[in-house]
Amino acid sequence: MTFRENFYWGNSVSSMQTEGAWDAEGKGKSVYDIKEATEISSDWKVATDSYHRYEEDFDYMQDLGMNMYRFQISWSRVNPTGEGAFNEAGIEFYDRFIDSLISRGIEPMICLYHFDMPLHLAEKYNGFLSKEVVSAFSRYGIEMIKRFGHKVKHWITFNEQNAFSLIPEVFESSGYMTGEKSINEAYQIQHNIMMAHTYVANYTHENTDCQISGMLAYQEIYPATCHPKDVFRAREFDEQINNNLLEAFVHGRYLDSFWSLLKEHNIELEIEAEELDELSKLTSDYLTFSYYATNVIDHKKIPRGTFPAEYLEFGKVDNPYIDSTEWNWQIDPLGFRNILNKLYARYHLPVFPIENGIGVIEEWDGKNSIEDDYRIEYHRDHIQEMKNAVEKDGVDVMGYLGWGLIDILSSKGDMRKRYGVVYVNRENHDLKDLARVPKKSYQWLKKVIRTNGENLSSMVSREE
């Protein structure tokens with residue numbers, strides 16, 4: 001058998017893309033709750049209504065054979081302003097939610113922040129640009145560990161933490177509301193978030209038996225050609241956007257090249273000696289990451305003086321050797337294997353891909369199952385490369401969590417971009433009945449999980 005006996009198969013989501021109930025039972029507003037619908041996106045008030053329908057969703061996950069669900073606690077649901085009193089009704093909701101998972105044999109993994117900052121903190125402090133928000137997050141995260149750590153043993157702090165190392169993503173994800181969006185601010189936010197992760201992770205390791213990891217959206221970048229400058233820019237991006245965070249997650253330090261970059265560009269950050277002492281204690285129990293696609297960089301398109309955080313804004317070009325989705329995300333299963341190898345070879349910790357999938361525009365005729373062979377092909381090819389990484393390369397892989405395997409709003413609020421093996425019957429501006437309807441890929445995934453990944457055949461019998 002390729003995968004370990006206790007291999008995790010499951011589903012990952014965020015709160016704002018699933019829960020709805022935006023003002024229920026004392027929940028405060030988040031920055032997402034003030035976003036309005038557009039021609040191609042929904043608002044966030046209902047999402048897929050999992051706040052009221054999670055039992056049904058968990059039944060589907062149990063039927064699939066899943067044994068892990070990574071979800072996010074909404075900070076503003078349990079702590080309406082992000083500071084001050086906690087909301088016991090919100091905490092009780094997640095207590096019931098967690099118990100419902102455990103009763104079905106599904107182990108919970110909690111993410112504490114997926115870009116939906118309490119609106120009060122964004123407006124009062126300008127989000128993670130302020131160390132006040134670092135303190136508020138630490139208080140919130142530690143409180144959640146205290147409340148749920150006796151029955152939730154797997155935790156991550158920030159979803160795709162290197163989103164805060166990229167421009168313009170850092171300003172879109174950190175609760176930043178006003179300012180010049182300067183390079184100095186971008187790097188200050190990046191450091192502040194690393195400290196917020198550090199305080200919660202160190203508390204967890206010092207006071208509990210829980211396991212906790214830093215997570216990143218691993219950005220695998222290919223050079224456009226064998227031109228040395230293409231190779232150099234791709235390596236530099238990998239170092240600053242991926243490895244600098246990984247080095248901190250595992251060894252409690254930033255790379256020397258990170259400090260050199262700050263010095264070269266006269267970037268002065270508010271960093272206290274006590275912060276670096278705390279950072280030096282940081283470790284991770286395993287390494288979690290999301291993976292969807294790879295990118296290519298052409299050095300000729302990158303203006304002189306551009307920071308690595310901005311390279312994709314200027315230098316990204318299409319890869320002519322692989323296919324793309326309708327959202328122009330390039331499909332690269334071998335890139336997945338490459339990342340698994342790079343992470344394990346460099347840090348020799350178990351690696352855990354906790355997001356993977358393909359977003360596609362789909363329509364349901366109201367009667368027949370959606371024939372999503374393209375989704376079966378995508379997951380089959382990526383799982384096969386994961387098997388190759390284990391069997392042929394010796395990589396220690398903990399599990400495989402798909403993203404939004406029961407349809408959810410996309411990160412931009414677009415219900416058209418569907419990742420699920422279960423269809424949710426709503427559109428951007430028409431909630432319909434929110435019915436859950438398995439697609440063809442549902443039966444295929446059920447077979448894969450039942451065989452612990454041994455049977456990846458795309459043939460699905462009607463009996464299944």
Side-chain angles (χ1 to χ4, degrees), residues 1-13 18 48 50 53-71 97-111 151-154 286 288 290-291 336 350-358 369-387 389-391 396-408 418-424 435-464:
M1 182 173 290
T2 300
F3 298 129
R4 54 169 74 179
E5 188 175 339
N6 59 344
F7 194 80
Y8 288 117
W9 295 97
N11 185 19
S12 284
V13 300
T18 54
T48 57
S50 70
R53 298 169 182 255
Y54 66 84
E55 297 272 8
E56 180 182 2
D57 291 341
F58 293 174
D59 284 344
Y60 279 114
M61 287 186 263
Q62 182 182 26
D63 182 62
L64 280 164
M66 289 180 178
N67 57 4
M68 179 169 277
Y69 186 46
R70 171 220 158 180
F71 66 95
F97 189 95
I98 291 164
D99 286 346
S100 291
L101 285 169
I102 293 171
S103 70
R104 291 170 171 82
I106 302 171
E107 191 164 349
M109 170 186 272
I110 288 179
C111 174
K151 55 187 175 183
V152 178
K153 299 304 178 182
H154 293 280
Y286 42 80
T288 56
S290 63
Y291 178 79
F336 186 37
V351 291
F352 194 174
I354 61 172
E355 288 185 27
N356 180 239
I358 182 171
S369 176
I370 291 172
E371 300 285 314
D372 57 339
D373 293 282
Y374 41 81
R375 182 167 291 107
I376 294 172
E377 180 180 1
Y378 179 95
H379 283 284
R380 181 197 67 211
D381 292 350
H382 283 75
I383 294 171
Q384 181 60 59
E385 290 300 342
M386 181 171 63
K387 288 178 69 173
V390 174
E391 289 178 341
D396 183 4
V397 181
M398 286 178 60
Y400 176 84
L401 309 185
W403 175 251
L405 293 181
I406 297 172
D407 283 346
I408 62 176
R418 296 174 181 269
Y419 286 85
V421 300
V422 175
Y423 186 88
V424 173
R436 275 62 168 157
V437 184
K439 306 173 189 178
K440 180 180 180 181
S441 57
Y442 180 94
Q443 298 298 343
W444 174 81
L445 183 59
K446 185 175 180 179
K447 174 184 64 179
V448 171
I449 295 173
R450 187 176 67 238
T451 64
N452 200 26
E454 289 301 300
N455 188 348
L456 297 181
S457 168
S458 59
M459 299 299 292
V460 179
S461 72
R462 292 300 174 187
E463 288 73 24
E464 291 179 308

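- Judged purely by distance below 3.5 Å, without hydrogens or angles, the side chains of H382 and Y291 never pair a donor atom with an acceptor atom.
- For the pair K153 and M109, the minimum side-chain heavy-atom distance is 4.5 Å or more.
- Between E454 and V448 there is no side-chain heavy-atom pair separated by less than 4.5 Å.
- Panel note: side chain K447, backbone S457; a donor-acceptor pair is recorded below 3.5 Å.
- With a 4.5 Å cut-off on side-chain heavy atoms, I376 and Y374 do not count as touching.
- A donor-acceptor pair under 3.5 Å is formed between the side chain of T451 and the backbone N or O of N455.
- Looking only at distances, a side-chain donor or acceptor of N11 sits under 3.5 Å from a matching main-chain atom of L405.
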**OP:** Decide yes or no on side chain to side chain contact (heavy atoms under 4.5 Å, CB included) for L64 and Y442, but give the supporting numbers first.
**Re:** CA-CA 7 Å; L64 280 164; Y442 180 94; 3.5 Å; yes
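- The salt bridge (Lys or Arg N to Asp or Glu O under 4.0 Å) pairs that include a residue from residues 100-109 are E55-R104, D59-R104, where partners are two or more places apart or lie in different chains.
- Heavy atoms only, all atoms of each residue included: V397 and P353 are closest at CG1-CD, 4.0 Å.
- Side-chain contact between N6 and M398 is absent, with no heavy atoms from C-beta onward closer than 4.5 Å.
- For the pair C111/F71, no side-chain contact is recorded, criterion being any heavy-atom separation below 4.5 Å from C-beta on.
- Nearest heavy atoms, G65 versus I449: O-CG2, 3.4 Å.
- Checked by atom type and distance alone, the side chain of S12 pairs as donor or acceptor with a backbone atom of I354 at under 3.5 Å.
- With Y423 as the aromatic partner, R418 meets the cation-pi criteria of under 6.0 angstrom to the ring centre and within 45 degrees of the ring axis.
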**OP:** Start with the C-alpha distance between L456 and I383, add both sets of side-chain angles, then the distance that settles side chain to side chain contact (heavy atoms under 4.5 Å, CB included), and finish with yes or no.
**Re:** CA-CA 8 Å; L456 297 181; I383 294 171; 3.7 Å; yes
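- I98 and P108 get closest at one heavy-atom pair: CG2-CG, 4.1 Å.
- Residues passing the salt bridge (Lys or Arg N to Asp or Glu O under 4.0 Å) test with D373, sequence neighbours excluded: K440.
- Taking a cutoff of 4.0 Å between a charged side-chain nitrogen and a carboxylate oxygen, E371 and K439 do not qualify as a salt bridge.
- Remark: the backbone N or O of W9 is paired with a side-chain donor or acceptor of N67 at under 3.5 angstrom.
- No donor-acceptor distance shorter than 3.5 angstrom exists from the side chain of W444 to the backbone of R380, with no hydrogens or angles considered.
- With contacts defined as side-chain heavy-atom distances shorter than 4.5 Å, the pair D99/K151 qualifies.
- A donor-acceptor pair is defined here as one N or O able to donate and one able to accept, closer than 3.5 Å; such a pair exists between the side chain of S50 and the backbone of T18.
- Contact check on D396 versus R4 returns a salt bridge, with a Lys/Arg side-chain nitrogen under 4.0 Å from an Asp/Glu carboxylate oxygen.
- Aromatic pair H154/F352: centroids not less than 6.0 angstrom apart.
- Looking only at distances, no side-chain donor or acceptor of T2 sits under 3.5 Å from a matching main-chain atom of E391.
- Looking at R375, its side chain does come within 3.5 Å of a backbone N or O of Y419 through a donor-acceptor pair.
- For an aromatic pair to be called close, the ring centres must be under 6.0 Å apart, and Y400 with F3 fails this.
- Q384 is linked by a side-chain hydrogen bond (donor to acceptor under 3.5 Å, both in side chains) to N388, counting only residues two or more places apart in sequence or in another chain.
- Considering only heavy atoms from C-beta on, S441 stays 4.5 Å or farther from H379 through its side chain.
- A 4.5 Å side-chain heavy-atom check between Y54 and S100 finds at least one atom pair inside the cut-off.
- In terms of heavy atoms, V424 sits closest to R436 at CG1-NH1, 3.8 Å.
- The shortest heavy-atom contact between I106 and F58 is CD1-O, 4.0 Å.
- In this structure, I406 and Y60 approach most closely via the heavy-atom pair CD1-CB, 4.3 Å.
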